[in-house]
Structures are given as C-alpha cells and as structure tokens.
Protein chains: 2
Amino acid sequence: MEDYQLCPKFENAFELLGKRWTGLIVHVLLSGPKRFKDISVLIPSMSDRMLSERFKELEAAEIIIRHVYPETPVRIEYELTPRGKGLKPVMDELQKWADSH
Amino acid sequence: MEDYQLCPKFENAFELLGKRWTGLIVHVLLSGPKRFKDISVLIPSMSDRMLSERFKELEAAEIIIRHVYPETPVRIEYELTPRGKGLKPVMDELQKWADSH
DNA sequence: ATAATATACTAACATAAAGTAAGTTGTTAA
DNA sequence: TTAACAACTTACTTTATGTTAGTATATTAT
C-alpha cells in the first residue's frame, strides 16, 4: 500500500530539515566552510554525537561535502554543496520571520 | 552558566519548525483553515497522536488558532494566525528549493 | 621520555520524543 | 440498539536524542 503524499519532494525536504539541529548547521555553514570544532563552538547546546550524525546525513543528502586536508594535524572542513547553498533563500526568509514575529 | 546562542530568535524558530510534522502542518494550513480529519487525510503518514500534539504546540506558539463552531456535531477548525501566515515566504522558498534540487 | 593538550570523532548507556493500536466522548443515523 | 463519525486520549513500544566517557593520531611542554 503506497502512501498518498502531498508532494514527495516537499516531504523529503522536511524529512531532513525537520530534524533537530539540521537547520542550524546549514545556517552556520552558509557563512563559509567550517571545521567540526567550529560548529560545536557556534552551537554549544548541540552535542558532538548529534553533530557527527547530522554531518553524515547531510553528506549523504549531498547538502555538504567533507574536505580532508592532509596537514599535520589533519584538517577537516565541511562545506555546503551548490544544493546546500541553494537553501540560503529559505534561511533568509526564516531569519526575516524570526526577526519580525 | 548561560548558553551562548547564535541568534536566540533563529534558534527558537528551529525549536518549533525543527520538529517532525510541524512544517508540513503549517504548509497545508497555508491553503486555508482545516479540520483535524482533513489534515490527517492530507498527511496520512502522521498519526493522530502527533497531530494532536503539534496542534497544541502551534497554538501555544500563536501560529495557529483553534476555532470551535458549536454546531451538531461540533466542528473544530484550525487556522493560521498572522504570525503563522508569515511563514508563507519561507514555505515558498522551500518549495522552490525542493523542486529545483 | 612522559605527560598534557588538541582535533575529530565513536561507544555505551539513559532519557525524551515519536510510532502504534486501541479506547473515549458525544452526537446522529439506521 | 447498534453502528458510525469526529476529535481526540491513553497505554505501550520503538526510535531519536542527550550525556558522559573514551579512542586514535599528532604536537607541545616539562
């Protein structure tokens, strides 16, 4: 039995963004690539465990890319893909809403 | 010890919209007031229990209002407040993103 | 040489949120 | 009198998230 859906794409979007922390992570990455630690400092109420889990999901959804720079010590950065950057208008509108209401 | 926050308003917005189903409920209410049953039919994968819980949260956050029409049988409708309707641009941008990416 | 510090995680366990199935209340219809 | 419907609620299970501690690898301090 298939589920009737309002709009599969829309529902898929919410499956991702409707998870705790996902939106905030995308939001901070909109200001540029960041390291694991950077984000955990910017969003201190989120645990490392959650950040790690969300990174994996966002990478699988091709919203972020993981860059490994083989320096010593190794530097790892997370960056939004074009798809991820495409969320900027959504975040901007949400910011406006949050400020005005 | 206070938690440093990126932007309290923004984080608050996510506390609500970052919960499962909330976004979809708002989305369907953007097309007009609806009854409990209407929404449960439009979003069949969501349980009544969740719908009931989300309604309460959205009402408390003044995003929806609950109207009771004392007909027989009683008719109850949920409608977006101006604050709730203010989420339209956010939803529109998300829709665009979902369609294009 | 050894201990301490740092980054980027992972593991184990506890609690909170969401899913599932059935039941409640008040009404009208057959 | 039994059934049907709307709008929920309750009890219980499963999944998600929170909390604390620990690992691997490398550099720096003593």
Taking OP1 and OP2 of [N], is either one under 4.0 Å from a side-chain nitrogen or oxygen of [X]?
X: B/Y78; N: D/dC8; value: yes
X: A/S47; N: D/dT19; value: no
X: B/K37; N: D/dA7; value: no
X: B/R20; N: D/dA16; value: no
X: A/R66; N: C/dC9; value: yes

Notebook entry, point to check: Hey, does the side-chain of B/R49 have a donor or acceptor N/O within less than 3.5 Å of a partner on the base of C/dA18?
Noted result: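 Under the 3.5 Å cut-off, the side chain and the base do form a donor-acceptor pair.
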Protein-nucleotide distance ([X], atom [atom1]; [N], atom [atom2]), rounded to Å:
X: A/E71; N: D/dT25; atom1: CD; atom2: C1'; result: 15 Å
X: A/K19; N: C/dA18; atom1: NZ; atom2: P; result: 12 Å
X: A/D48; N: D/dT23; atom1: CG; atom2: C1'; result: 13 Å
X: B/I43; N: C/dG19; atom1: CD1; atom2: C1'; result: 16 Å
X: A/R75; N: D/dT27; atom1: CZ; atom2: P; result: 15 Å
X: B/E77; N: D/dC8; atom1: CD; atom2: C1'; result: 17 Å
X: A/M46; N: D/dA16; atom1: CE; atom2: C1'; result: 15 Å
X: B/L51; N: D/dA7; atom1: CG; atom2: P; result: 10 Å

Note to self: Reading DNA chain C from 5' onward, which residue's closest nucleotide shows up sooner: B/G18 or A/K56?
What the structure shows: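 Closer to the 5' end of DNA chain C: A/K56.
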Notebook entry, point to check: Looking at D/dG18, D/dC8, C/dA18, which one has an atom nearest to any side-chain atom of A/M50?
Noted result: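 Shortest atom-to-atom distance from the side chain points to D/dG18.
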Notebook entry, point to check: Which of the following nucleotides, C/dA18, D/dG18, D/dC8, is nearest to the side chain of A/W21?
Noted result: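 The listed nucleotide nearest to A/W21's side chain is D/dG18.
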Checklist line | Close side-chain approach of A/L94 and B/L17, heavy atoms under 4.5 Å | finding: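 A/L94 reaches B/L17 side chain to side chain.
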Notebook entry, point to check: Any side-chain heavy atom of B/M46 within less than 4.5 Å of one from B/L24?
Noted result: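 No, their side chains stay 4.5 Å or more apart.
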Note to self: Using a 4.0 Å cut-off on heavy atoms, which residues in residues 58-65 of chain B reach DNA chain D? List them by number, or say none.
What the structure shows: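 Within residues 58-65 of chain B, no residue comes under 4.0 Å of DNA chain D.
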Notebook entry, point to check: Where does the angle between the aromatic ring planes of A/H27 and B/F10 fall among parallel (under 30°), tilted (30 to 60°) and perpendicular (over 60°)?
Noted result: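 Tilted, since the angle between the ring planes falls between 30° and 60°.
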Note to self: Hydrophobic clustering (ILVMFWY, side-chain heavy atoms < 4.5 Å, transitive) - are B/F36 and B/Y69 grouped together?
What the structure shows: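 Unlinked, B/Y69 and B/F36 end up in two clusters.
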Checklist line | Minimum heavy-atom distance B/E79-B/P33, with the two atoms named | finding: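 Distance-wise, the nearest heavy atoms are CG-CG, 3.8 Å.
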Checklist line | B/R83 (side chain) donor-acceptor with B/A61 (main chain) under 3.5 angstrom | finding: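 Yes; judged by distance alone, with no hydrogens or angles, the pair exists.
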